[in-house]
There are 2 protein chains.
Amino acid sequence: MTTRENAWGRWVTGLASSIERRNGVSLWRQIADRILQAIANGDFAENAALPPEIALAERYGVNRHTVRSAIAALVQEGVLKAEQGRGTFVLSRKRLSYPIGARTRFSAGLQGQTTERHIALLSSSTEPASRRIADALGIAKGAAVIRLETRGEADGHAVSRATTWFDAKRFAGIEAAMAETGSITTSLKRFGINDYLRQSTVLSARHADADDLAALDLQPGAIVLVTVAVNVTLDGEPIQFAESRFPAERVELKLSAGD
Amino acid sequence: MTTRENAWGRWVTGLASSIERRNGVSLWRQIADRILQAIANGDFAENAALPPEIALAERYGVNRHTVRSAIAALVQEGVLKAEQGRGTFVLSRKRLSYPIGARTRFSAGLQGQTTERHIALLSSSTEPASRRIADALGIAKGAAVIRLETRGEADGHAVSRATTWFDAKRFAGIEAAMAETGSITTSLKRFGINDYLRQSTVLSARHADADDLAALDLQPGAIVLVTVAVNVTLDGEPIQFAESRFPAERVELKLSAGD
DNA sequence: TATAGTTGTCTATATCAATAGACAAATTTT
DNA sequence: AAAATTTGTCTATTGATATAGACAACTATA
């Protein structure tokens with residue numbers, strides 16, 4: 001932690017801070033990240049004005065134009081709105097908090113936080129199972145698996161992008177059911193699976209790739225949270241292997257204690 | 001997902017791919033990320049040679065010198081080793097898998113994966129509680145809290161960087177105990193707390209800031225996984241508020257099902 | 001011992017990122 | 001109405017990023 005003002009009664013963020021140069025990440029992107037973070041953190045109320053550009057430039061130790069680049073990116077992203085002569089204002093404040101645990105479901109997860117939510121099936125295909133997927137699903141490497149590319153949406157915003165694999169023999173035609181119902185849980189019921197659990201979840205993070213950028217409507221350079229999960233029946237039979245990507249700037253994952 | 005070769009029997013990664021330009025993230029940093037990802041994914045065995053620079057340049061659609069910049073960063077990071085005339089080789093392959101759940105502890109978490117592990121106390125201070133911390137700890141805003149800056153280490157590598165807050169009244173002197181024992185669990189026992197649970201954990205991700213870069217020995221532009229957690233006694237009394245940062249390239253978080 | 005393949009170094013050039021300063025345009029405050 | 005504040009636009013300059021090509025240095029193999 002850099003030496004910071006910490007006199008009693010002073011303003012304390014509780015978060016570390018400072019900007020790095022010649023890193024491979026441009027200053028304006030770093031500052032955009034920081035502003036997003038501050039907004040998600042509640043440092044600025046909704047509809048509140050950001051500090052003026054000159055003040056931000058001073059705070060981050062950069063030129064005003066650099067701050068302007070950061071703001072321009074966030075304006076294009078729909079997070080901020082700049083008005084000449086008045087100031088720059090916060091449009092959307094909160095990150096969605098996405099529960100994750102043994103009984104994680106997409107729709108159940110966001111209850112109360114959003115009004116509309118569903119999963120869109122982007123594409124489907126059949127392919128041979130890689131080692132990784134075969135092991136997870138307990139089938140032979142090279143056996144046919146159905147691959148679904150989906151996007152989760154809430155209130156018109158894309159909040160997740162997932163790639164899911166099923167054993168093609170056991171779940172033949174699940175892509176049609178998925179396209180029809182828009183729900184994996186409902187689709188699985190057609191195959192006699194009324195309940196399932198998340199056996200394991202592994203979390204990581206990385207820069208979003210081109211496909212995720214497009215599907216999630218992100219600015220290049222954005223970070224995605226990645227979960228790799230195996231779902232199993234109550235008997236422990238693996239049924240689904242999935243890699244989901246969440247935009248870190250819009251979504252946080254909340255671990256539910258017991259569930 | 002971009003249109004990709006998917007003929008039966010062909011090589012299929014199961015992961016998306018492609019490089020974005022003028023994003024705020026330099027090409028060499030993106031490529032370094034991708035190579036790290038591929039290594040963590042097991043695409044390259046330990047000690048195996050990477051494809052030659054020209055092949056990588058072609059695969060990613062960039063100049064050979066750009067690939068060289070990415071490799072140079074990974075060499076400095078200790079992930080790769082380049083040998084003139086021979087090739088570039090993978091040194092460390094695996095990411096640590098860090099269990100996280102109701103009973104997450106630092107040392108218990110990495111059992112079996114590493115030989116040596118401990119927490120180093122970097123600094124401590126007393127400050128007034130911000131709204132966020134006060135709410136989490138159930139104390140008044142502005143009340144004194146003890147703040148600990150720590151670094152988790154395993155096998156000589158920094159694997160986590162945390163900022164922890166305790167109620168200063170209830171846990172006066174905990175920084176001394178922490179410095180002495182090198183363990184939060186042990187320190188808490190001195191205050192009569194023999195067991196505690198993780199009440200909530202919220203996960204997010206962002207670019208590492210300057211302090212985390214230094215403490216975790218990361219290259220600028222690296223991504224950190226962030227967990228914000230509240231620990232409570234078995235009676236539900238909140239005792240600890242913590243924000244931990246994990247280098248995404250070295251650590252993944254594994255959700256333990258029941259625990 | 002050649003030859004091919006690979007990493008290392010150098011020069012040159014074009015574009016992006018960042019700084020600097022000046023001033024216009026719009027809004028709010030005095 | 002005037003002044004102060006704030007965002008918007010323009011020009012100019014510097015350094016980092018990326019491309020391009022040539023060749024040296026080193027290793028492994030035919």
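In what follows, every chain begins at residue 1, and chains take the letters A, B, ... in the order their sequences are listed.
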Indicate whether OP1 or OP2 belonging to [N] is found under 4.0 Å from a side-chain N or O atom of [X].
X: B:Arg68; N: C:dG8; result: yes
X: B:Thr66; N: D:dT19; result: yes
X: A:Ser26; N: C:dC16; result: no
X: B:Asn63; N: D:dA20; result: yes

B:Ser123 and B:Glu149 side chains, donor-acceptor separation under 3.5 Å
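Side chains of B:Glu149 and B:Ser123: no pair found under 3.5 Å.
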Looking only at side chains, do A:Trp165 and A:Glu243 share a donor and an acceptor under 3.5 Å apart?
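Checked: A:Trp165/A:Glu243 side chains show no N/O donor-acceptor pair below 3.5 Å.
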Starting from the 5' end of DNA chain C, give me the residue, B:Thr88 or A:Glu83, whose nearest nucleotide shows up first.
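With B:Thr88 and A:Glu83 compared, the 5'-side residue is B:Thr88.
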Residues in salt bridge (Lys or Arg N to Asp or Glu O under 4.0 Å) with A:Lys81, at least two apart?
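With sequence neighbours excluded, A:Lys81 shows a salt bridge (Lys or Arg N to Asp or Glu O under 4.0 Å) to A:Glu83, given in chain and number order.
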Just compare C:dA18, D:dT17, C:dT19 and give me whichever is closest to any side-chain atom of A:Trp28.
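Given the options C:dA18, D:dT17, C:dT19, the side chain of A:Trp28 is closest to C:dA18.
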Go through D:dT17, C:dA18, D:dT6 for me and flag the one nearest to the A:Pro52 side chain.
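So the side chain of A:Pro52 is nearest to D:dT6.
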Starting from [atom2] on [N], measure out to [atom1] on [X] and report it in whole angstrom.
X: A:Leu50; N: D:dT5; atom1: CG; atom2: C1'; value: 16 Å
X: B:Glu53; N: C:dG5; atom1: CD; atom2: C1'; value: 12 Å
X: A:Leu56; N: D:dT5; atom1: CG; atom2: C1'; value: 15 Å
X: A:Ile31; N: C:dA18; atom1: CD1; atom2: C1'; value: 10 Å
X: B:Arg29; N: D:dT17; atom1: CZ; atom2: C1'; value: 14 Å
X: A:Leu27; N: D:dT17; atom1: CG; atom2: C1'; value: 13 Å
X: B:Gln30; N: D:dT17; atom1: CD; atom2: C1'; value: 12 Å
X: B:Glu58; N: D:dA18; atom1: CD; atom2: P; value: 19 Å

How does each nucleotide of nucleotides 21-30 of chain D score, in 5' to 3' order, for protein heavy atoms under 4.0 Å: base (B), sugar-phosphate only (S), or none (-)?
B---BBSS--
Sub-3.5 Å donor-acceptor pair from the side chain of [X] to the main-chain atoms of [Y], do we have one?
X: B:Arg245; Y: B:Ser160; result: no
X: A:Arg147; Y: A:Thr164; result: no
X: B:Gln30; Y: B:Val25; result: yes

For B:Glu58 and B:Arg64, run salt bridge (charged side-chain N to carboxylate O under 4.0 Å, His left out): C-alpha distance rounded to whole Å, both residues' side-chain angles, the deciding distance at 0.1 Å, then the answer.
CA-CA 8 Å; B:Glu58 199 170 341; B:Arg64 180 184 156 225; over 6 Å; no
